[in-house]
Amino acid sequence: MAAGFKTAEPLEYHRSFLKENCRPDGRELGEFRATTLNIGSISTADGSALVKIGNTTVICGIKAELATPPTDAPNKGYIVPNVDLPPLCSSRFRPGPPGEQAQAASQFIADLIDSANIIQREDLCIESGKLSWVLYCDIMCLDYDGNLLDACVIALLAALENAQLPEVTINKETELAEVNPQKLHPLNVTKHPVGSSFAVFDNTIVIVDPTAEEESLSTATITVVTDEDERLCALHKPGGSGLSAEKLQDCISRAVTRHREVRKLIEEVLKSIKPQQ
Amino acid sequence: MHNARNAMEVESSSTCALREFGCEQSLLSRPDGSSSFIQGDTSVLAGVYGPADVKVSKEIHDRATLEVLIQPKVGMSGVRERAQEQCVRETCEAALLSSLHPRSSLSLVLQIIHDDGSLLSCCLNAACMALMDAGLPMGCLFCGVTCAIDRDGRIVTDPTMQQEKESRALMTFAIDSTERKVLMSTTKGSFSVNELQQCIAVSQRASEKIFQFYRDSVRRRYSKTL
């Protein structure tokens with residue numbers, strides 16, 4: 001009976017739960033799904049992380065390559081993020097060129113890297129005007145069940161903290177770069193932004209960490225990204241129903257507490273893998 | 001074809017000064033609604049087609065399918081345009097009463113004529129004027145306002161490209177006309193919660209001017225045709 005109600009009237013089904021201040025999966029309105037993190041899951045990448053928020057699974061791999069720095073900024077390197085939503089992760093994505101959601105997510109991550117200053121691009125320069133690192137941050141969704149952006153941000157941050165780059169020196173005589181794979185250095189991650197996503201139901205009820213079903217039934221979604229200084233790095237609301245200043249303030253406060261939780265998780269996982277090396 | 005040409009200069013007040021802005025509606029003959037919106041040197045041309053037939057794969061059974069295309073001045077549209085398209089589309093979807101035209105398609109094409117900062121807000125304004133010109137049913141109007149926070153912490157509304165480059169944070173909001181709520185928000189750079197609240201308040205104040213301009217231009221236009 002309940003299954004039939006859910007299929008026939010999905011919105012009413014969700015409303016009946018929200019009326020009682022809970023959600024179909026048993027969570028409260030302000031509760032995130034269980035977040036798990038695995039760091040260093042791809043051995044061939046320079047840094048990697050796998051994040052699960054409920055069923056949503058996102059993996060991020062960092063590959064570093066050498067290149068000549070951009071001519072307009074000779075003392076900087078490159079960070080190239082890409083978010084991939086393959087047909088594997090949900091039936092809503094078709095094979096072929098990336099769809100709007102994947103491109104919008106890539107742009108969001110690229111903007112976030114600049115806005116939050118996660119890595120100083122100057123740190124990626126090896127020799128001004130000659131050699132610098134390019135960090136390809138490939139983020140792939142393996143299972144899409146809503147809240148993609150939060151998972152992407154955690155995966156990216158954890159993978160960057162996990163990344164180890166070999167030491168590179170330029171031979172004075174031959175002017176060629178010499179890579180020393182024995183000496184590895186971690187990246188200098190200066191800021192640690194964490195995102196929190198919210199969905200708005202019926203223009204009024206705000207829930208955190210929406211599932212794919214909740215996202216499609218909601219009237220608006222919001223992603224708030226904060227850093228450790230409680231500054232906002234992004235307030236991304238691509239449209240949908242209007243939001244009052246008070247509701248927005250609630251979202252920001254929730255994002256700040258979420259930041260602490262996730263930060264602790266990443267630090268614990270990083271600490272747990274250190275002794276094995 | 002009757003053209004309505006309006007231009008209104010907004011005096012530079014202390015906190016929410018906008019550049020001179022203007023709009024021309026129904027300037028194209030083929031689209032069902034069109035407009036060109038100019039903010040300072042930034043200029044966007046918008047055309048709306050619809051409600052028309054929709055491809056079966058894109059059909060939504062209880063409302064119209066809205067498609068937004070942003071064409072840059074040079075080159076192909078890329079990832080940045082796709083992200084902007086998403087913002088404009090979802091804002092328009094919130095304002096349009098699309099359930100009145102189920103199983104049909106609406107397409108909105110935004111051609112960038114010149115970009116001198118505050119591009120996304122200009123796109124939103126052009127889109128709203130074009131939707132109005134097409135006579136599509138809307139629950140509310142919306143407008144876009146861009147705010148930049150410069151190095152000294154001052155808020156500059158409707159910044160030019162130069163001001164955008166010099167700013168440390170940049171935010172664009174879409175404000176609705178009924179309750180002045182934030183429909184859309186996209187930001188660059190980092191800022192405090194207090195700065196955000198100030199920028200929203202400034203944008204809401206600036207939106208009053210734009211909505212007044214909408215009202216004046218529509219009134220002027222229809223007083224001529226009647």
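Residue numbers start from 1 in every chain, and the chains themselves are labelled A, B, ... in the order their sequence lines are given, proteins ahead of strands.
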Hey, what do you get for CD (E93(B)) to OG1 (T219(A)), rounding to the nearest 0.5 Å? 12.0 Å
Let me confirm one number: the CD-CD distance from Q107(A) to Q84(B), rounded to the nearest 0.5 Å. 8.0 Å
Rounded distance (nearest 0.5 Å) linking atom CG of D111(A) with atom OG1 of T187(B): 8.0 Å
The reported gap from CZ in R231(A) to OG in S190(B) (rounded to nearest 0.5 angstrom) is 4.0 Å
Worked verdict on Q86(B) versus Q101(A) for side chain to side chain donor-acceptor pair (under 3.5 Å): CA-CA 8 Å; Q86(B) 188 194 35; Q101(A) 197 182 355; over 6 Å; no
Mark yes when over 12 heavy atoms from residues, nucleotides or ligands other than D53(B) sit less than 6.0 Å from its CG; otherwise mark no. no
Is chain B contacted by the side chain of A116(A), its backbone, both, or neither, given a heavy-atom distance below 4.5 Å? neither
Contact origin within A245(A) toward chain B - heavy atom pairs under 4.5 Å: both
Is it the side chain or the backbone of L196(B) that comes within 4.5 Å of chain A heavy atoms, both, or neither? side chain
Is E179(B) in contact with chain A via its backbone, its side chain, both, or neither, using a 4.5 Å heavy-atom distance? neither
Any chance you could measure L243(A), atom CG, to K181(B), atom NZ, to the nearest 0.5 Å? 7.5 Å
With side chain to side chain contact (heavy atoms under 4.5 Å, CB included) as the test, would you mind laying out the steps for E81(B) and Q103(A) before giving the verdict? CA-CA 9 Å; E81(B) 280 75 25; Q103(A) 293 194 35; over 6 Å; no
Audit row: V256(A), V193(B), side chain to side chain contact (heavy atoms under 4.5 Å, CB included) steps and yes/no: CA-CA 11 Å; V256(A) 170; V193(B) 180; over 6 Å; no
Quick check: closest heavy atoms across A94(B) and G240(A), and the distance to 0.1 Å? CB-O, 3.3 Å
S244(A) versus chain B, heavy atoms under 4.5 Å apart: side chain, backbone, both or neither? both
Given heavy-atom pairs under 4.5 angstrom as the criterion, report whether the side chain, backbone, both or neither of R89(B) touches chain A. side chain
Quick one: what part of I222(A) sits under 4.5 Å from any heavy atom of chain B, side chain, backbone, both or neither? neither
Go through S192(B), C87(B), S185(B) and name the one with the most non-hydrogen pairs under 4.5 angstrom from chain A. S185(B)
Is a salt bridge present between K237(A) and E90(B), judged by a nitrogen-to-oxygen distance below 4.0 Å? no
How long is the gap from CD on E195(B) to CG on L232(A), to the nearest 0.5 Å? 9.5 Å
Could you have a look at L112(A), L235(A), D227(A) and say which one has the most heavy-atom pairs with chain B under 4.5 angstrom? L235(A)
Does atom CZ of R92(A) have more than 12 heavy-atom neighbours from other groups under 6.0 Å away? yes
